[in-house]
Engineer: 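Sharing a structure with you now.
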Amino acid sequence: MNLEPQVERTASPVARCLSIHAGYRCRHAGACCTAGWEIPAEALVVDAVSRRFGNRGQLFRPNRAPDGSAVLALRPDRSCVFFDDADGRLCEIHRDLGEGLLPSACRHFPRVVLSDRRGTFVTLSHFCPTAASLLVSNEPVSIVQAPASLTLNGTAEGLDARDVLPPLLRPNMLTDVDGYAAWENAVLDLLQAGNTAGEALDAAARKTRRIAAWTPGARLALRDLVGDEFARPDADSTGNQSQPDDRLAALALSAVPRGLAVPDVLAAARAPSSDPGAAWRAGDGIVRRYLMSKVFGNWWPYFGLDLCGVVRAIEAHAAILKRQLARHLAARDEQGAFLEAIRDTDLLMVHLVDFATFAGAIRGDT
């Protein structure tokens, strides 16, 4: 993947996304409206909503903030009070006031945005059923310019890492911008072209461990070393896909903050589960695309993980995904089971896990 790092800061850096995400449009599946999330609403939104819907019941949680902001109220079933299941599963705020007056959290979902010294990267949370469905594709994945619909016309916000140090190569040793960009692209290429998703992830881990030994002043620049290492046949490969790491699943669950309920659908991740075997192999393309979306523009290095730690974080997604697939196969066909397993995995890893806590657990486990 030819993604050249954008080292120079510009007023409006080009935003990039994976080609499979470029066509995302909300299809009103309603998952975000019925997840039980407490959504903050800015003062401007509160004012507009109050004027439009003020003649009916409780719109916001009691005790609005002094700045005029508030939290949208929930029904007893934990769905948002503005979710109209009878009218095409539409948000009433979106329908009556337009996208511009949605709370920021609603307007951004399911976008996950990173801005660093290379530019801006937009990926998606596949807890959204529409986003999950985009992973079912036979088209090769590439990196493309993100359309305005995905960047919210350039206003999408996320993790701003433009003024921080580059990611860690290993503890106490930084990468450089070009070297990190080369590594991320090389892992993406490997996941797309490797024998299987599991073997590609295993090979990425081995190659990354060797790259992590690089030192300044070496014969090759870090970027060139990455290119050489990933172009070289992997002599350590056994041809066998690794099994899910139960410990990684446990670390992820332990990183959910106290008081934040882990939904019952994730209970299977706490206990041993059967190997989905044939279904996992048959869905290898879906697994590849899902893992590529976790590598591209990921936040983990900016929570203190070195390159080997980032690979471990990606392996955690694979471990949870495989467990959830085994559970869903009992009630669904293979494709349906994969999509629900992916939704479960991103619900946990994107929306429930505290990133800093999980990153600390990964560092302590290596």
Side-chain angles (χ1 to χ4, degrees), residues 18-21 27 29 31 110 123-141 187-188 190-205 237-253 262-296 311-353:
L18 295 180
S19 54
I20 51 174
H21 288 158
R27 297 178 190 165
T123 185
L124 300 177
S125 162
H126 302 97
F127 174 63
C128 169
T130 302
S133 71
L134 298 176
L135 298 174
V136 182
S137 169
N138 293 321
E139 295 296 320
V141 181
V187 176
L188 290 170
L190 190 57
L191 281 168
Q192 177 146 262
N195 290 335
T196 68
E199 290 177 11
L201 198 53
D202 288 347
S237 176
T238 62
N240 295 318
Q241 182 176 321
S242 64
Q243 295 300 308
D245 187 330
D246 292 346
R247 179 156 183 78
L248 284 173
L251 291 177
L253 286 163
V262 179
D264 290 342
V265 295
L266 294 171
R270 299 187 180 93
S273 59
S274 59
D275 185 347
W280 183 259
R281 292 188 291 274
D284 184 67
I286 296 176
V287 178
R288 288 173 188 268
R289 288 184 284 277
Y290 175 70
L291 295 180
M292 290 175 74
S293 77
K294 300 298 109 180
V295 173
F296 175 78
V311 175
R312 288 287 281 169
I314 306 304
E315 289 172 339
H317 286 81
I320 298 289
L321 175 60
K322 197 166 190 179
R323 281 181 168 279
Q324 294 306 308
L325 176 63
R327 185 175 68 82
H328 284 294
L329 281 169
R332 293 175 173 82
D333 60 29
E334 288 184 2
Q335 181 171 303
F338 256 112
L339 295 183
E340 287 306 305
I342 285 167
R343 293 190 63 230
D344 286 352
T345 305
D346 270 12
L347 176 59
L348 176 64
M349 297 300 294
V350 177
H351 300 289
L352 296 178
V353 160

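Since the model is a prediction, treat every value here as computed from it, not as a measurement.
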Engineer: Would you mind writing out the side-chain donor-acceptor pairs for residues 331-339 within the sub-3.5 Å range, not counting sequence neighbours?
Structural biologist:
{"from": "Arg332", "atom 1": "NH1", "to": "His328", "atom 2": "ND1", "distance (Å)": "3.0"}
{"from": "Asp333", "atom 1": "OD1", "to": "Gln335", "atom 2": "N", "distance (Å)": "3.4"}
{"from": "Asp333", "atom 1": "OD1", "to": "Gly336", "atom 2": "N", "distance (Å)": "2.6"}

Engineer: Can you see which heavy atom on Ile286 is nearest to which on Ile342, and at what distance?
Structural biologist: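 For Ile286 and Ile342, the tightest heavy-atom pair comes out as CG2-CD1, 3.5 Å.
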Engineer: Taking only residues two or more places apart in sequence, or in another chain, which ones meet His21 in a side-chain hydrogen bond (donor to acceptor under 3.5 Å, both in side chains)?
Structural biologist: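 Testing His21 for side-chain hydrogen bond (donor to acceptor under 3.5 Å, both in side chains), a comparison that skips the adjacent residues, returns His126.
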Engineer: At their closest point, which heavy atom of Ala279 faces which heavy atom of Leu329, and how far apart are they?
Structural biologist: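 Shortest heavy-atom contact: CB-CD1, 3.7 Å.
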Engineer: Nearest 0.5 Å, what's the CG-CZ distance between Asp284 and Arg289?
Structural biologist: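 Rounded to the nearest 0.5 Å, the CG-CZ separation comes to 9.0 Å.
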Engineer: How far apart are the closest heavy atoms of Leu190 and Arg288, and which atoms are they?
Structural biologist: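 Smallest heavy-atom distance, with atoms named: O-NH1, 4.5 Å.
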Engineer: Give the C-alpha distance, both sets of side-chain angles, the deciding distance and a yes or no for side chain to side chain contact (heavy atoms under 4.5 Å, CB included) between Val350 and Phe127.
Structural biologist: CA-CA 9 Å; Val350 177; Phe127 174 63; over 6 Å; no
Engineer: In Å and rounded to the nearest 0.5 Å, what is the CG to CZ distance from Leu248 to Arg312?
Structural biologist: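 Those atoms lie 4.0 Å apart.
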Engineer: Given the rule in the side chain to side chain contact (heavy atoms under 4.5 Å, CB included) test, do Glu315 and Leu201 qualify, once you have shown the distances and angles that lead to the verdict?
Structural biologist: CA-CA 7 Å; Glu315 289 172 339; Leu201 198 53; 3.7 Å; yes
Engineer: For residues Tyr290 and Leu321, report the shortest heavy-atom separation together with the two atoms involved.
Structural biologist: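 Tyr290 and Leu321 have their closest heavy atoms at CD2-CD2, 3.8 Å.
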Engineer: What distance separates Leu191 CG from Glu199 CD, expressed to the nearest 0.5 Å?
Structural biologist: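 Output value for this atom pair is 12.0 Å.
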Engineer: Please report the C-alpha distance between Asp344 and Arg327 in whole Å, then the side-chain angles of each, then the deciding distance to 0.1 Å, and finally whether the side chain to side chain contact (heavy atoms under 4.5 Å, CB included) criterion is met.
Structural biologist: CA-CA 11 Å; Asp344 286 352; Arg327 185 175 68 82; 2.8 Å; yes
Engineer: Just do the side chain to side chain contact (heavy atoms under 4.5 Å, CB included) check on Leu134 and Leu124 with the steps written out, would you?
Structural biologist: CA-CA 10 Å; Leu134 298 176; Leu124 300 177; 4.1 Å; yes
Engineer: For Pro140 and Ser19, which heavy atoms make the closest approach, and how far apart are they?
Structural biologist: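 The pair with the smallest heavy-atom distance is O-OG, 3.7 Å.
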Engineer: Give a yes or no answer on whether the side chain of Gln192 reaches the backbone of Val141 with a donor-acceptor pair at less than 3.5 Å.
Structural biologist: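 Checking the backbone N and O of Val141 against the side chain of Gln192, a donor-acceptor pair under 3.5 Å is found.
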Engineer: Can you see which heavy atom on Ala197 is nearest to which on Val287, and at what distance?
Structural biologist: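 Between these two residues, the closest heavy atoms are CB-CG1, 3.6 Å.
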Engineer: Please round to the nearest 0.5 Å and tell me the distance separating atom NE2 of His317 and atom CG of Leu291.
Structural biologist: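 These two atoms lie 9.0 Å from each other.
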Engineer: Could you give the distance from CE (Met349) to OG (Ser125), rounded to the nearest 0.5 Å?
Structural biologist: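 Reported value, rounded in 0.5 Å steps: 12.0 Å.
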Engineer: Distance from Glu340 atom CD to Leu347 atom CG, nearest 0.5 Å?
Structural biologist: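 CG of Leu347 is found 11.0 Å from CD of Glu340.
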Engineer: Under a 4.5 Å cut-off applied to non-hydrogen side-chain atoms, are Leu135 and Met292 in contact?
Structural biologist: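 Leu135 vs Met292: side chains apart.
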